[in-house]
Amino acid sequence: MTVYLRNDGVFCQTHVHGVNMATYPIAIDRFMNQTPDLFAPTPALREPIDDGAWLLRGFALDQADHLLEAIQQVAAQAAFRHQVTPGGHTMSAAMSSCGLLGWVTDRYGYRYGSRDPLTDQPWPEMPPILRQLAVEAAEASDYAHFEPDACLINRYETGAKMGLHQDKDEEDMDAPIVSVSLGAPIRFLFGGLARTDKAEGWKLEHGDVVVWGGPSRLFFHGVAPLGKRAEHPATGAMRYNLTFRKVRA
Ligand code: SIN
Ligand code: FE2
C-alpha cells in the first residue's frame, strides 16, 4: 500500500487492489467520505459493460512493466506463433500460453493442451505476478476464488484483430474470463449470446482489465483491427492481451 498526503492533511491510500487511486480523484473523494463498512473501493472503480461484465480501467497500470517482462520470459520458452484455425485461416494475432494448459488451434480443431506443440514441452509456469493480478481483478468484479489454469497471450501488430467469438472451449463455465490489455489501445467489442446481437465498442488502453462471467460468460466478443497509429511507449505499435481462464472444472 502506498500513501500520500492530501492538501487537507488526510493520508490516502494511493494503491488499492493494485489500482493506482491517484488516477481516480473522484474515487478517492468518495473513498474518503465513506463509512468504514463501505471502504471497499471497487464499486467506484469499475464500469459495468453488461450483466456480470466489468471494465476495470487502469487496474493493471502500476504493474504493467512487470507484466510485460513476465510476458517476455514466457515467450523466451514458448515463442509467439500464428496459429491456423480448423477452417485453414491463419490468425492475425500471434499467440503464446502459460499455466497448466495452453490454447491451441490447428487443422484438427480448437483445444487446450498441456504441452506446447512447437517444442513438445509443458507450457511455461504462470508467473505469480500474472496469476495474482488475475485473481485480484476477478475479486474486484465479485468473482471470488478464481483459480486460472490457463493464460493465453495474444500479441497484435498493426491491422491484427480477433473476430467475434465465444470463449467456450473451457469445462468450467462458473469461472469468469479475465482479460488484461497492455500496450497500444484497441477497440474491444462486447455483444451478446447470439453472434448477431449488437456488439458495443469499448476503447481498451494500457493497464485496462475486462472481466466477464455469470450471465455474460458466453457472450460474443472480439477486437477491431489494431489501428495504424495505435502505439504506446512501453510496446511501440504492439498490443498484448492476457486472457486468464479456468479450463478444468
Ligand atoms: C480474446 O478474446 O480472445 C482477445 C480479446 C482481446 O485481445 O482483448
Ligand atoms: Fe475470447
Side-chain angles (χ1 to χ4, degrees), residues 66-135 138 146-184 186 188 195 209-210 212-213 217-218 220-223 225-226 235-249:
H66 301 298
L67 301 175
L68 286 167
E69 274 166 33
I71 290 173
Q72 297 315 328
Q73 279 162 21
V74 169
Q77 297 171 67
F80 282 102
R81 80 289 309 260
H82 292 273
Q83 304 194 95
V84 177
T85 65
H89 166 75
T90 300
M91 299 188 80
S92 58
M95 295 180 175
S96 181
S97 280
C98 60
L100 281 176
L101 295 163
W103 187 79
V104 173
T105 172
D106 58 22
R107 291 275 182 175
Y108 307 101
Y110 306 120
R111 62 194 171 277
Y112 283 96
S114 56
R115 287 177 178 270
D116 178 350
L118 284 187
T119 60
D120 201 34
Q121 294 298 306
W123 293 104
E125 200 179 307
M126 193 183 299
I129 181 174
L130 263 55
R131 171 185 297 275
Q132 186 61 27
L133 177 78
V135 170
F146 181 47
E147 286 174 35
D149 52 13
C151 173
L152 172 67
I153 310 173
N154 294 326
R155 188 187 67 193
Y156 300 82
E157 293 175 32
T158 308
K161 64 178 174 32
M162 183 76 63
L164 285 179
H165 65 278
Q166 295 169 293
D167 286 10
K168 60 176 183 187
D169 299 327
E170 301 74 32
E171 292 166 11
D172 190 332
M173 288 294 157
D174 293 333
I177 302 288
V178 173
S179 175
V180 179
S181 291
L182 295 166
I186 208 164
F188 178 66
R195 183 180 291 279
V209 180
V210 182
W212 65 94
R217 174 62 182 75
L218 284 170
F220 276 87
H221 61 278
V223 292
L226 189 68
T235 61
M238 294 222 231
R239 171 183 185 258
Y240 294 90
N241 168 255
L242 302 165
T243 304
F244 297 89
R245 299 161 177 158
K246 181 160 183 343
V247 178
R248 300 283 181 245

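Counting from 1, the numbers follow the sequence of the chain as shown.
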- Query: After noting the C-alpha distance and the side-chain angles of K246 and D172, does the key distance pass the salt bridge (Lys or Arg N to Asp or Glu O under 4.0 Å) rule?
  - Reply: CA-CA 6 Å; K246 181 160 183 343; D172 190 332; 3.7 Å; yes
- Task: Go through the steps for S181 and R239 under the test side chain to side chain donor-acceptor pair (under 3.5 Å), then give the verdict.
- Result: CA-CA 7 Å; S181 291; R239 171 183 185 258; 2.7 Å; yes
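The side-chain tip of R195 does not point at the ring of F220 from less than 6.0 angstrom away and within 45° of straight on.
For the side-chain contact (heavy atoms from CB on, under 4.5 Å) criterion with V104, the lone passing option out of Y112, W123, Y110 is W123.
In this structure, V84 and T105 have side chains that are not in contact, with every pair of non-hydrogen atoms separated by 4.5 Å or more. Side chains of L242 and L152 form no contact here, defined as non-hydrogen atoms less than 4.5 Å apart. Put simply, the side chain of R111 reaches to within 4.5 Å of the side chain of D106, judged on heavy atoms. Counting only heavy atoms from C-beta outward, the side chains of H221 and M162 never approach each other to under 4.5 Å. Inter-residue side-chain proximity for P86 and R107 is flagged as unmet; no heavy-atom pair is nearer than 4.5 Å. Residues D169 and V247 fail the side-chain proximity criterion, which asks for heavy atoms closer than 4.5 Å. Annotation: side chain of L67 is in contact with side chain of L182 (closest heavy-atom distance under 4.5 Å).
Checked by atom type and distance alone, the side chain of E171 never pairs as donor or acceptor with a backbone atom of R248 at under 3.5 Å. No donor-acceptor pair under 3.5 Å is formed between the side chain of K168 and the backbone N or O of E170.
Between I153 atom CD1 and Q72 atom CD the span is 9.0 Å, to the nearest 0.5 Å. Note: R155 CZ to S92 OG = 11.5 Å, rounded to the nearest 0.5 Å. Considering CE of M173 and CG of D167, their distance stands at 8.0 Å, rounded to 0.5 Å. Of the inter-residue distances, the one linking I71 atom CD1 with H66 atom NE2 reads 13.0 Å to the nearest 0.5 angstrom. How far CZ of R131 is from CZ of F146: 9.0 Å, rounded to the nearest 0.5 Å. Rounded to the nearest 0.5 angstrom, Y240 OH and I186 CD1 are separated by 13.0 Å.
Taking both residues in full, the closest heavy atoms of S97 and V74 are given as O-CG1, 3.6 Å, listed atom of the first, atom of the second, then distance. Considering every non-hydrogen atom in both P176 and A138, the closest pair reads CG-CB, 4.3 Å.
Ring geometry for F188 versus W212: interplanar angle of 30 to 60°, hence tilted.
A side-chain N or O of N241 and one of S179 form a donor-acceptor pair less than 3.5 Å apart.
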